[in-house]
Protein chains: 2
Amino acid sequence: MNAPLPPPPWRRATRTPRRQLTTETIVDTALSVLSAEGPDAVTMRRIAHELDTGPGSLYAHVQDKRELHELMLDAAMRVVETPEPDPQNWRTQLKQLCLEQARVLTETPGIAQIAMETLIPTTPGILVAMDGMLGILRCSGIPDDRIAAAGDMLALHVTAYAYEASLWQSPSGQSDEAHRRLGQIGDYLQSLPADQLPNLKAMNHAMPHGTEPDHFEFALDVFIAGLAAHADVRP
Amino acid sequence: MNAPLPPPPWRRATRTPRRQLTTETIVDTALSVLSAEGPDAVTMRRIAHELDTGPGSLYAHVQDKRELHELMLDAAMRVVETPEPDPQNWRTQLKQLCLEQARVLTETPGIAQIAMETLIPTTPGILVAMDGMLGILRCSGIPDDRIAAAGDMLALHVTAYAYEASLWQSPSGQSDEAHRRLGQIGDYLQSLPADQLPNLKAMNHAMPHGTEPDHFEFALDVFIAGLAAHADVRP
DNA sequence: ACCTGAACACCGTTCAAGT
DNA sequence: ACCTGAACACCGTTCAAGT
């Protein structure tokens, strides 16, 4: 018996030497499934199937589904650039950063939901984003003991807005049902006697909490104006 | 054969004539499971089991799990009383109402999560709460086109805060892990060189978004102060 | 060490069959 | 009409066995 021939080199091009799962490919696959088919489609089984393997294989690279979620959030948030803080312009910078963060969180539906569920951000990308926001706040003249609270609440508001906004544009067709209900509730309000829910009726506002971009920007303006007032007291 | 004897009257006390499932008992059962064992325990199967029946039986009284969630939220929110709007006191009234709503949403862990997921409130209790908040805002002198935005964003913020806060006190032991991670991240920040995440390091703040009651109250004060400034412009 | 895939202990929802 | 419970089509996670 001869020694077996070495495999001809062109075979190597056909399939990579070994399938080689990595955390990165898992996260990328999860993100592409998410943006293509929405949050419900992001299951361990589905991701594994996409990578031609069984669900158990993923657990060699990722602790559990929650950790995978955090890694997805991190990858998504890495695209946000934080500006060099400029004491002359902190108000504009802060607002721009919030709008940008909200934009990224809304862009891929489902990411904001993960952000909302992730109680403590421990992942580099998110820490960088937080640090950037604090950097702007710290050159605003706001007393130090307020800065943590301000950053905290601003981040919360951005995340919450992005979450609600993304519910409206999920690719799962859930948003159609939402629009239908919005109409129904308008009719319902009109049908009520004048003394029931008079304010909702008067505004004819179905009150979807916080999904209008205008409302979000208004809230940012009001909040930042309030912060500036705090800064003026103790410059 | 004689006609069968009528059942002796004391038997009736032993078991109710017929099991009779109602929407109300289902919602009540769901709420008590929720407050006893947290959101994960609230499954259709579990509720059915609690009522000595199969999961399919619930679907005669409730369309699906989402609808059950909304009914639970409604029942929980019904305890919030909205004050008679007083133009002299709208700032205090507004703050009190927000604190009260947040308190109720935080009280039963899991309710805030439902509130966050419920895109459009269509249920009487929530509509009443919204109407009350709008009532206070309408006697504040804030221009009408801002009132919807203000109410919208305030409700969003209350809900989001309650959601994050309730993550910390879930009975599923998830909160212990959260506290552990909070410590770990503090250590991690200290271990970093001075030029990495300088602001987070300086504040030594792990930045759990929006869970401190102080921070929430601060945000309400800042936001309401900002609204008042708007009201002063056009009285 | 990494990967497999069968198995475990669950889900929400549907539906024919019963009373 | 209301209820049943078996069945369907899924989950996340674990783990012995393979390479």
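Chain letters run A, B, ... following the sequence lines, proteins first, then strands; residues in each count from 1. Nothing here was measured: the structure is a model prediction, and the numbers come from that model.
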*Parallel under 30°, tilted from 30 to 60°, perpendicular over 60°: which one fits the rings of B/H157 and B/F216?*
parallel
*Nearest to the side chain of B/R45 - C/dG12, C/dC3, D/dT13?*
C/dG12
_Nucleotide C/dA1, atom C1' - distance to NE2 of A/H61 in whole Å_ = 10 Å
*Whole-Å distance between C/dC11 C1' and A/D40 CG?*
13 Å
_Going by purine N1 to pyrimidine N3 plus the second Watson-Crick contact, or the G-U wobble pair, all under 3.5 Å, which nucleotide sits opposite D/dC11?_
none
*Kindly point out which of D/dT13, C/dT4, C/dT13 is positioned nearest to the side chain of A/D64?*
D/dT13
*Is any side-chain N or O of A/S57 closer than 4.0 Å to OP1 or OP2 of C/dT4?*
yes
*Rounded to the nearest Å, what distance is computed from the CG atom of residue A/L51 to the P atom of nucleotide C/dG5?*
14 Å
*Using whole Å, report how far CD of A/Q20 lies from P of C/dC2.*
8 Å
*Between B/P55 and A/R46, who's closer to the 5' end of DNA chain D by nearest nucleotide?*
B/P55
*Identify the heavy atoms of A/L58 and A/M44 that sit nearest to each other, and give their distance.*
CD1-O, 3.3 Å
*Can you check the A/M44 CE to C/dG5 C1' distance for me, whole Å?*
15 Å
*asked:* Taking B/D152's backbone N and O only, do any of them form a donor-acceptor pair with A/H215's side chain (distance below 3.5 Å, no angle check)?
replied: no
*Would you mind classifying the nucleic acid contact of A/T43 as base, sugar-phosphate or nothing, using non-hydrogen atoms under 4.0 angstrom?*
sugar-phosphate
*Just wondering, are more than 12 heavy atoms of other shown residues or ligands nearer than 6.0 Å to CD in A/Q190?*
yes
*Mind checking the CD1-CD spacing from B/I126 to B/E70? Nearest 0.5 Å is all I need.*
6.5 Å
*Using heavy atoms to find the nearest nucleotide of DNA chain C for B/Y59 and A/G54 separately, return the residue whose nucleotide is more 5′.*
A/G54
*Mind calculating the distance between CG (A/L58) and P (C/dA1) to the nearest angstrom?*
20 Å
_Counterpart base for C/dT4, defined by Watson-Crick or G-U wobble contacts under 3.5 Å_ = D/dA16
